[in-house]
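Both backbone and side-chain heavy atoms feed into the values below; hydrogens, waters and symmetry mates do not. So you know, we letter chains A, B, ... as the sequences are listed, proteins then strands, and number each from 1.
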Amino acid sequence: MAKRTVEDSSDDEPMIVKSESNQQAKPKAKKIKVEKKEKIKKEKEEKEDSPEKEDDDEEEERKWWLEEKEDNGIKWTTLQHQGPLFPPPYEPHGVKMLYDVINQGKPVELTPAAEEVASFYAALLGTDNGNNPVFQKNFFADFLKTIKQEKIPNCPIKEFSKCDFTPIFDYLNKVKEEKKQMSKEEKKKLKEEKEAIDEIYGWCTMDGRKEKVGNYRIEPPGLFRGRGEHPKTGCLKLRVQPEQVTINIGADAKIPDPPKGHSWGTVSHDNTVTWLAMWKENVNESTKYIFLAATSSLKGQSDMKKFEKARELKVRQLATCLYFIDKLALRAGNEKGEDEADTVGCCSLRYEHITLEPPNKVVFDFLGKDSIRYVNTVEVIDQVYKNLKIFKKEPKTVGDDLFDRINEELRKTPADGTIAEKVLAYNRANRQVAVLCNHQRAVPKSHGTQMSRLTDKILAVKYQRQEVKQQILELEPSLKKQRPELLEPESDLDDEFIKRHEIALEEKEKERLEKLLIKENEKRKENGEELLNSLPEQKKKQTIPTMDKLEKKLQTLTDRIQAQKMQMVDKDENKQTALGTSKINYIDPRISAAWCNKYNVPLDKIFNRSLREKFKWAMESDKDWEF
DNA sequence: CATCGGACTTGTATTCACTCCA
DNA sequence: TGGAGTGAATACAAGTCCGATG
């Protein structure tokens, strides 16, 4: 098998995309053009070929991504939903905080509302937030405010430093512990209750179709956990009342009932927005929304739009490149390595290589083939000038590729590699995007252990392979000459490991036999037979394996080693990069899906279940699909 | 012409739930 | 068998974009 290694190249950027779709803009009827017509035809044919019978009870799944849709700012025509779910009222626990213990302080009597605020803080004792002075200051100011509002008689609380929240802290921990210790039935019941609520609030009907709602819960009260140096971190986030909430719903829809004894603040019927409910939060006065879930068609559509925009940009870049190659006979320009001269061609032009002179002149200055300087000022057509302006727009700067959308990292996938090798290639491309976006993470603390565990796993397989090789040679000693590799000892398989491994194997075998014995005795007990002290020595009927079987086994083991090695390399290279964000937000899922099809890699090696759900619209992209 | 804020998308901390090993 | 460790799900804060406003 040809061995191809996948190597990271130095500085060519993979394609990334940042959302541009901000819905305020309401462009006039603009069509999203996708290769839809042929697709629809194809779909139909497939249906006829294989009449599907599964899911017949479910209504036909809508493939919105195959529909032509006008983007006129209207997001829906009919909308029905259940409104938001409010958090349950506070249930006081009666556990009292202490104040000024050193001076014979006593447990403090608080009203439920004040107790609730105290408990918010108590829960955070010892955490980063709890220890943050700004957080403490803000919390305490609001705590005092609450005490005042509650008109608690003779409340002694004046200083944060004299407060002792540990009784509440301990109590909350105890409750948490008890929750963990709940019986299976109790847990199951709780889960079912949650699912029942989800069934009601988790769905809405938009344009006659059932769509998943994202966060249908009104955010519960608590302490604002502003990150970094946020000046308001720790402030009390008040309980939201229905009177503060705006419901957005179809004009003909039934307005959901507000909680008993309450009414909605406002009811609107704005079909140019996607939110179902909205309220103002008291700490930063920012608006909070209830939106549809990421898997909904609305979100999917805007996601797709985002990537279509990026695709457009690529087409623009290709066209502009072609224009120069055609007009000025520029060389195409390949990727070059670190150790080669920094010369460029058209596609590898960088930011600093051209300057724009209004209204329509472009000045080239770069080193071309054989490091010959190319300086030229040319007049270009308006469209090209406009394009170049876009390609030089911020945040692009000196050193960046002008035509950054043209190179695809995924081309480096080894077509004849194993699945594991291909996945590694994919992850490397994904990683470049993540590195580019600076999606870093701390190296997981168990990384070392995990790596050595993987090493051991590989060694264990190598050990097995060694044995199989020996068996082959015993069966057919003549192979020693023909296939000397069978004689070669496995790499890294040292005596120390073999010893350790054999002991482990022996122990495992012993355990297995013990279990067998127990089982056997149980059976005998039932049948009233006499019990055994040890299993009868198995008749060593070990049939001598055939050459065919041994060869097959050798191959499986070799494959397994290969796959595990790949996994290890992947894991190690990935230890300080978080792939999630780029996979969720920046990489066009159609690129990934098409890649999977092209290289015969199962989709689930790349996308987990929820991502497959979110990107349903992209999952069918066939192998010829091009960004 | 700067700034504000509504409506979204993106990023990250926390919680949940599952797995795997001692 | 339970408990540590993990990746997925969730919650919500933060960032972005762009039209409105004055």
Residues forming a salt bridge (Lys or Arg N to Asp or Glu O under 4.0 Å) with A:Lys422, sequence neighbours excluded: none
If you assign A:Gln181 and A:Asn284 each to the DNA chain C nucleotide with the nearest heavy atom, which residue ends up on the more 5' nucleotide? A:Gln181
For the side chain of A:Lys299, counting heavy atoms from C-beta on, which of C:dA11, B:dT14, B:dC8 is nearest? B:dC8
Ignoring backbone atoms, test whether A:Asn585 places a side-chain nitrogen or oxygen under 4.0 Å from the OP1 or OP2 oxygen of B:dT10. yes
If I take atom CD1 in residue A:Ile606 and atom P in nucleotide C:dA8, what distance separates them, rounded to the nearest angstrom? 13 Å
Flag the pair A:Gln241 / A:Trp279 as yes when at least one side-chain heavy-atom distance between them is below 4.5 Å, and no otherwise. no
Checking contacts here: which listed nucleotide (B:dC8, B:dT10, B:dA7) is nearest the side-chain heavy atoms of A:Thr274? B:dC8
Should the pair A:Phe615 and A:Trp617 be assigned to parallel (<30°), tilted (30 to 60°) or perpendicular (>60°) ring geometry? perpendicular
Residue closer to the 5' end of DNA chain B, A:Ser582 versus A:Asp270 (nearest nucleotide): A:Asp270
Counting any heavy atom closer than 4.0 Å, what does A:Ser286 reach on the DNA or RNA strands: base, sugar-phosphate only, or nothing? nothing
Near DNA chain C, counting only heavy atoms under 4.0 Å, which residues of residues 222-242 of chain A show up? A:Phe224, A:Arg225, A:Gly226, A:Arg227, A:His230, A:Lys237
Rounded to the nearest angstrom, tell me the gap between atom NZ in A:Lys288 and atom P in C:dT10. 18 Å
Can you measure A:Lys187 atom NZ to B:dC16 atom C1' for me and round it to whole angstrom units? 11 Å
Options B:dT9, B:dG6, B:dT14, nucleotide nearest the side-chain atoms of A:Lys280: B:dG6
When rounded to whole Å, the CG to C1' distance for the pair A:Leu85 and C:dA11 reads 14 Å
What integer distance in Å separates A:Ile584:CD1 from C:dG7:C1'? 12 Å
Are any side-chain N or O atoms of A:Asn282 and backbone N or O atoms of A:Leu236, one a donor and one an acceptor, separated by less than 3.5 Å? yes
Looking only at the side chain of A:Thr581 (C-beta and beyond, no hydrogens), which of the listed nucleotides C:dA9, B:dT12, C:dA11 gets closest? B:dT12
Produce the list of close N/O pairs, under 3.5 Å, pairing protein atoms with atoms of nucleotides 17-19 of chain B; give distances to one decimal.
none

Length of the line joining A:Tyr586:OH and C:dT16:P, which is rounded to integer Å: 9 Å
Which nucleotide in the set C:dC12, B:dG6, B:dC8 lies at the smallest distance from any side-chain heavy atom of A:Pro220? C:dC12
Tell me: CD of A:Glu219 to P of C:dC12, nearest whole Å? 5 Å
Is the A:Phe165 to A:Phe169 ring centre distance short of 6.0 Å? no
Quick one: are the ring centres of A:Tyr586 and A:His439 less than 6.0 Å apart? yes
Who passes ring-ring contact (aromatic ring centres under 6.0 Å, His included) against A:Phe291, sequence neighbours left out? A:Tyr289
Phosphate OP1/OP2 of C:dA8: any A:Ser610 side-chain N/O under 4.0 Å: no
Listed nucleotide nearest any side-chain atom of A:Asn215, set C:dA11, B:dG11, B:dA7: C:dA11
Let's go through A:Leu292 and A:Lys212 carefully: what are the C-alpha distance in whole Å and the side-chain angles of both, what is the deciding distance for side chain to side chain contact (heavy atoms under 4.5 Å, CB included) to 0.1 Å, and is it a yes or a no? CA-CA 6 Å; A:Leu292 295 193; A:Lys212 189 105 186 65; over 6 Å; no
For A:Phe86, ring-ring contact (aromatic ring centres under 6.0 Å, His included) partners two or more places apart: none
Suppose the criterion is side chain to side chain donor-acceptor pair (under 3.5 Å): which pairs have a residue in residues 170-182 of chain A, not counting sequence neighbours? none
In whole angstroms, the gap separating C1' of C:dG3 from NZ of A:Lys180 amounts to 9 Å
